[in-house]
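Input: a single structure, listed below in structure tokens.
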Amino acid sequence: VERFPSVLPDLALVLGPARAGRVRASVVFTTGEALSPAMRATIADAFGAPVLDHYGQDEKVGFVLECRAGTYHRVVEYGLLEVVDDAGAAVPPGMEGHLVWTGLVNRAMPLIRYRIGDEGAVASPGEPCPCGVTYPAVVPSLTRSGDSLRLAGGHRLSPRLLNQLLKECRSFAAAQFVQAGRATVSLLVEPLAPDAVGAAAAEAEDLATRLAERFAAELQFARGPGE
């Protein structure tokens, strides 16, 4: 099983805890989003299998795999990694900063010292990982920090989840989420056509209500340009 962390907990709630007689997964892979401890526990309980996270990008500049010992290992053949502060200066191992990648596999479009918008740290030197893998350990802590909505109560709303919900809105030509504060997110919508204004408003209000109920945040619908 392989899916985004924001999707699997919902599936886990439908499945319920793993039980005798039900087919179990051998392993569950997560990717594309930050995986919280609570998400990991819920997914593992439902599928009756270990959850292993991995990290990569469409740009193909770096690849990180989690082993069964819980260590994130950087595949060195895939890309070079630097961790820098806001000013672009290198930070020491164990200190969190911005991940800067130089890809080694994408010959069509090489990216050099690419600051991708993710945060993390290179692990401090220590004992070899018990899994036996000798690749260096890293700690990716936040993926696409600029794209996620940070809501009241500490919730983070992934852009991937928002994109999936927007695909259900057939009357939108374009949409934008604008966050003004921890508890307020405005949804700006451009209708697909002049005669779709009413349908777009109804779908936007329904979407805002669903998100507010799920994430306990205030989301306000505002008409966008073009209406």
Side-chain angles (χ1 to χ4, degrees), residues 1-58 62-75 96 118-121 123 126-133 135 137-145 147-169 177 179 182-183 185 187 203 206-219:
V1 177
E2 181 176 6
R3 278 292 180 268
F4 300 130
S6 62
V7 174
L8 284 171
D10 289 340
L11 181 57
L13 290 175
V14 174
L15 293 174
R19 57 184 183 274
R22 192 173 79 191
V23 177
R24 295 189 178 191
S26 298
V27 64
V28 179
F29 293 105
T30 58
T31 186
E33 300 167 348
L35 176 67
S36 70
M39 285 180 174
R40 186 188 293 271
T42 299
I43 296 166
D45 185 50
F47 289 92
V51 179
L52 301 181
D53 193 29
H54 63 280
Y55 164 89
Q57 322 83 11
D58 290 338
F63 194 44
V64 177
L65 296 169
E66 183 187 15
C67 69
R68 288 183 178 268
T71 302
Y72 286 83
H73 295 278
R74 177 173 64 86
V75 181
E96 187 173 277
D118 297 341
E119 300 172 8
E127 295 296 323
C129 184
C131 76
V133 173
Y135 283 146
V138 299
V139 186
S141 57
L142 181 62
T143 59
R144 290 301 194 270
S145 55
D147 293 342
S148 298
L149 299 179
R150 301 188 181 208
L151 306 182
H155 295 292
R156 289 181 59 245
L157 191 53
S158 164
R160 295 184 185 274
L161 175 59
L162 296 176
N163 286 338
Q164 291 298 320
L165 293 173
L166 288 173
K167 288 179 182 178
E168 302 173 10
C169 301
F177 292 89
Q179 184 168 17
R182 289 278 182 171
V185 177
L187 173 57
E203 284 194 313
D206 178 67
L207 177 57
T209 299
R210 290 163 60 191
L211 289 171
E213 290 174 350
R214 178 168 177 177
F215 294 98
E218 179 187 2
L219 291 108

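We're numbering straight along the sequence, starting at 1. Not measured: the values here are computed from a predicted model.
You'll find the side chain of L8 reaches within 4.5 Å of the side chain of V1, heavy atoms only.
Across every non-hydrogen atom of E203 and E168, the tightest pair is OE2-O, 3.7 Å. Scanning all heavy atoms of the two residues, the minimum distance from R68 to S26 falls at NH2-O, 4.4 Å. Summarising the geometry of T31 relative to H54, their closest heavy-atom pair is OG1-O, 3.3 Å, with the distance given to 0.1 Å.
To the nearest 0.5 Å, atoms OG1 (T42) and CE (M39) are separated by 9.0 Å. Of the inter-residue distances, the one linking F29 atom CZ with R3 atom CZ reads 13.5 Å to the nearest 0.5 angstrom. One distance of note links CG of L166 with CG of L207; it measures 6.0 Å at 0.5 Å rounding. A distance of 3.5 Å separates CG in D53 from OH in Y72, rounded to the nearest 0.5 Å. How far CG of L35 is from CG of L52: 10.0 Å, rounded to the nearest 0.5 Å.
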Next on the checklist: Using the rule given for side chain to side chain contact (heavy atoms under 4.5 Å, CB included), can you reason through V138 versus Y55, listing the C-alpha separation, both sets of side-chain angles and the distance that settles it, and then say yes or no?
Outcome noted: CA-CA 11 Å; V138 299; Y55 164 89; over 6 Å; no
Item to check | Trace of the side chain to side chain contact (heavy atoms under 4.5 Å, CB included) decision for Y135 with T71 | outcome: CA-CA 10 Å; Y135 283 146; T71 302; over 6 Å; no
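Partners of D45 by salt bridge (Lys or Arg N to Asp or Glu O under 4.0 Å), not counting sequence neighbours: none found. Remark: R40 engages E66 in a side chain to side chain donor-acceptor pair (under 3.5 Å) (not counting sequence neighbours).
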